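In what follows, every heavy atom counts, from backbone to side chain, and hydrogens, waters and symmetry copies are set aside. Within every chain, numbering begins at 1; the chains are lettered A, B, ... in the order of the sequence lines, protein sequences first and strands thereafter. Just so we're clear, the structure is a prediction, and the values are computed from it rather than from any experiment.
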Protein chains: 2
Amino acid sequence: MSQEPVAATEVFKALADPIRWNIVQQVAQQEEFACSILEDTLPVSKPTISYHTKILTQAGLIEVHKRGRNYFYSLRRDVLREVINELWALAPGPRLVGESTADRGAKRPAQAPVAAAASGDTDVTLLTW
Amino acid sequence: MSQEPVAATEVFKALADPIRWNIVQQVAQQEEFACSILEDTLPVSKPTISYHTKILTQAGLIEVHKRGRNYFYSLRRDVLREVINELWALAPGPRLVGESTADRGAKRPAQAPVAAAASGDTDVTLLTW
DNA sequence: TCCAGTATTCGGCAACTATGAACTTAGCCG
DNA sequence: CGGCTAAGTTCATAGTTGCCGAATACTGGA
């Protein structure tokens, strides 16, 4: 499937560059972020932007939509949350819910337990993990 | 000062390499992880291990203790959590857009950014930290 | 059809990664 | 006590990858 979860390291690699990190932050602000805006808000050339956005796309972090001759990006929040999950597994927190390191050994099926909570889609999201 | 919070991108960079990611995962399993174990569990040479662990150290992700002629690493979970916070701010679950780029200007001191954003008003994101 | 605007591919330079060799420090045993 | 071995690091170098400027393709409008 194209939904194959990209390796965590690839996502980190994508986020590891200040320019890309900046792009991600901007894209995260809107549902659809115009590529052209990046030219104004970033201190780099157009090709470089294209290069970086491609890396972000390959990492699965952003999605590209073309409309007319403009490109729009949107953040793949699900991918981001998966990565957060993986990180969290390493730093389970002072006292989360109850089971501390109990589920550490369990393989994570990348099914994102949290995403389910968030998709509830009221105005409240309770994250207990 | 010396505790200067390393930039998020630097942490990502440290995590972006498969070898380093592997190291972090192993170190996370124990309170004190012996360096020598890495020589058996990683497919790289000794100098390379040294190189990677140094990067992880500089990124603030692991701490080094020397005892006798052995080195031990431990994971800096607090650093990891800071990064998780930053990531979370990008995929906050509810409250998608809100005020667009309004709060981009605000400096993020890595001091509970998410909690602050949430506790302010209306729809709530509750983080059990 | 021609033109302006938009974003991608191509080529070279710079930076990073991996490794063998040599060095430093710590414990061991004669 | 003095050399010997073990554990990691530092150094120098080769190979690889990342980054950006110049030139190129695609889109839509006059």
Asks: Tell me which nucleotide among D:dG18, C:dT19, C:dT8 gets nearest to the side chain of A:Y51.
Replies: D:dG18
Asks: Let me know, please, whether A:V44 or B:A34 comes out on the 5' side of the other along DNA chain D by nearest nucleotide.
Replies: B:A34
Asks: For a quick check of understanding: with a heavy-atom distance under 4.0 Å over all strands, which category does B:L38 fall into, base, sugar-phosphate or nothing?
Replies: nothing
Asks: At under 4.0 Å, does any side-chain N or O of A:S45 touch on OP1 or OP2 of D:dC20?
Replies: no
Asks: Heavy atoms from C-beta onward define the side chain here; which of D:dG8, D:dC26, C:dA21 lies closest to that of A:K66?
Replies: D:dC26
Asks: Counting just side-chain N and O atoms, does B:K54 come under 4.0 Å of either OP1 or OP2 of D:dG8?
Replies: no
Asks: Under 4.0 Å, counting only non-hydrogen atoms across every strand here, what does A:R67 touch: a base, just sugar-phosphate, or nothing?
Replies: nothing
Asks: So, is B:N70 near the phosphate of C:dA26, with a side-chain N or O under 4.0 Å from OP1 or OP2?
Replies: no
Asks: Would you indicate which nucleotide in C:dA7, D:dA6, C:dT19 comes nearest to any side-chain atom of B:R69?
Replies: D:dA6
Asks: Look at the side chain of A:I19 and decide which nucleotide, out of C:dT8, D:dT10, D:dC20, has an atom nearest to it.
Replies: D:dC20
Asks: What nucleotide among C:dA18, D:dT9, C:dG27 has an atom nearest to a side-chain atom of B:D17?
Replies: C:dA18
Asks: Using OP1 and OP2 only, check whether a side-chain N or O of B:H52 sits under 4.0 Å from C:dA18.
Replies: yes
Asks: Remember a base hit wins even if backbone is also touched, and classify B:S36 as base, sugar-phosphate or nothing at under 4.0 Å, heavy atoms.
Replies: sugar-phosphate
Asks: Does B:T48 have a side-chain nitrogen or oxygen under 4.0 Å from the phosphate oxygens OP1 or OP2 of C:dA18?
Replies: no
Asks: Would you say A:R20 places a side-chain N or O within less than 4.0 Å of OP1 or OP2 belonging to D:dC19?
Replies: yes
Asks: Can you find a pair of side-chain heavy atoms, one from A:V24 and one from A:L75, that are under 4.5 Å apart?
Replies: yes
Asks: Do the rings of B:F12 and A:F12 sit parallel, tilted or perpendicular, given the 30° and 60° boundaries?
Replies: parallel
